[in-house]
Amino acid sequence: MNVNWEEINKKGFVDLEIDPEIDILSEINRLRKEKNAVILAHYYQEAEVQDIADFVGDSLALSQQAEKTDADIIIFAGVHFMAETAKILSPEKKVILPDLNAGCSLADSCPPKEFKKFIEKYPDHTVISYVNTSAEIKSMTDIVCTSSNAMQIVQSLPKDEKIIFAPDRNLGNYIKSITGKDMVIWQGACHVHEEFSLERILEIKKNEPEAKIIAHPECEKPILIVSEHIGSTQSLLNFTRTDNAEKYIVATESGIIHQMQKSSPSKTFIPAPPKDSTCACNDCNFMKLITIKKIYNCLKYELPEVNVDKGIREKAVHSIKRMLAISEELGI
Ligand code: 13P
Ligand code: SF4
């Protein structure tokens with residue numbers, strides 16, 4: 001076959017024609033066994049991608065998996081910073097992101113040059129950065145966190161410790177309001193979680209008063225104020241598993257509803273609507289770039305690989321390992 005690798009590199013994914021005779025799912029199974037590959041998928045992936053993964057989870061669980069897996073190849077069905085984190089934790093493994101265009105608006109809202117200047121203004125502060133950042137930002141960070149452990153990590157620091165929190169302003173402000181810690185917050189945001197419409201959510205609530213509003217802390221404050229449960233994607237899922245309500249208005253990326261519905265088939269989950277009324281739910285366009293076909297092709301051709309500059313990796317690994325160690329200590 002005449003393969004133009006340069007073209008593939010430019011596109012960011014392998015889009016070679018797939019033989020229509022083959023059964024893609026069986027081929028994925030055969031290839032992952034043959035190559036000792038593991039497929040890790042974030043909760044925001046398409047349902048069919050979640051269903052073929054070896055492990056589905058939130059950002060924290062996926063980095064824990066990436067650290068401990070004994071696979072030779074990690075196929076990361078998620079976005080770029082997640083694959084980068086996996087590579088930093090397991091540099092000897094081949095880490096493949098099925099589409100390199102799967103970025104993150106939150107990670108992009110924190111450019112390294114500006115962030116370096118920002119942290120230089122606060123030399124006596126501990127830098128806590130959300131995992132949704134580039135490897136370069138992590139190399140300037142003391143402790144990485146995810147939405148599952150951010151609150152506990154901030155709380156684990158001494159009472160008077162001064163903190164820089166980056167990049168999500170909503171999560172940062174939420175933690176600051178609960179912990180009362182001295183925090184300087186970088187003004188970044190996720191385009192999906194900032195898009196929910198309070199007005200439209202309250203309209204649904206008016207018609208379905210028994211439905212509980214649950215929200216991710218990356219949402220804006222007015223949404224959090226009306227929410228009956230605020231938590232990371234994993235925490236929202238756990239809540240719907242144990243809570244006794246029958247209906248929920250879910251203010252986070254709609255991919256998680258697949259797992260909610262699987263765990264609680266009799267319950268109803270309504271995706272919180274965004275401000276732009278032409279769309280019914282909030283999908284992360286980056287997450288949704290990953291498809292079964294791209295997973296098949298990247299397993300077959302072992303491309304495109306995610307690599308991290310050695311110097312950056314050696315610095316960044318400390319802040320990620322610190323997060324994993326604190327989380328283990330806290331049993332998260
Ligand atoms: P969690 O996986 O920590 O819930 O983060 C949400 C998110 O926006 C991931 O991109
Ligand atoms: Fe980034 Fe937001 Fe998409 Fe998560 S949902 S990957 S934070 S853009």
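One-based numbering, in listed order, for ligands and for the atoms of each.
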Ignoring hydrogens and angles, write down the donor-acceptor pairs under 3.5 Å from the side chains of residues 68-79, residues two or more places apart or on other chains.
from	atom 1	to	atom 2	distance (Å)
Thr69	OG1	Ala71	N	3.1
Asp72	OD2	Asn36	ND2	3.2

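For the side-chain hydrogen bond (donor to acceptor under 3.5 Å, both in side chains) with Asn170, the qualifying choice from Glu194, His193, His216 is Glu194, the only one to do so.
Near Glu218, with a cut-off below 4.0 Å to any heavy atom, the atoms of ligand 2 are 7 (S).
Residues Ile119 and Trp186 fall within the same hydrophobic cluster, defined by Ile, Leu, Val, Met, Phe, Trp and Tyr side chains chained together at heavy-atom separations under 4.5 Å.
For residues 140-154, there are no salt bridge (Lys or Arg N to Asp or Glu O under 4.0 Å) pairs, not counting sequence neighbours.
Between Arg200 and Asp276 there is no salt bridge, since none of the side-chain N atoms of the basic residue sits less than 4.0 Å from a carboxylate O of the acidic one. Taking the charged nitrogens against the carboxylate oxygens, Lys162 and Asp182 have no contact shorter than 4.0 Å, which rules out a salt bridge.
Lys212 forms no cation-pi arrangement with Tyr248, by the criterion of a distance under 6.0 Å to the ring centre and an angle within 45° of the ring axis.
Listed by chain and number, the protein N, O or S atoms at a distance under 2.8 Å from atom 1 (Fe) of ligand 2 are Cys104 SG.
Under the 3.5 Å distance criterion, the side-chain polar atoms of Gln187 are matched with a main-chain donor or acceptor of Ile185.
Protein residues having a heavy atom under 4.0 Å from any atom of ligand 1 are His42, Tyr44, Asp58, Ser59, Met82, Tyr130, Asn132, Ser147, His193, His216, Glu218, Thr233, Met287, listed by chain and number.
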Audit row: Phe286, His191, ring pair (Phe, Tyr, Trp, His ring centres under 6.0 Å) steps and yes/no: CA-CA 11 Å; Phe286 298 114; His191 74 297; 5.7 Å; yes

CA sep, side-chain torsions, deciding dist, call: Asp54, Arg32, salt bridge (Lys or Arg N to Asp or Glu O under 4.0 Å): CA-CA 10 Å; Asp54 295 286; Arg32 77 172 123 191; 3.1 Å; yes

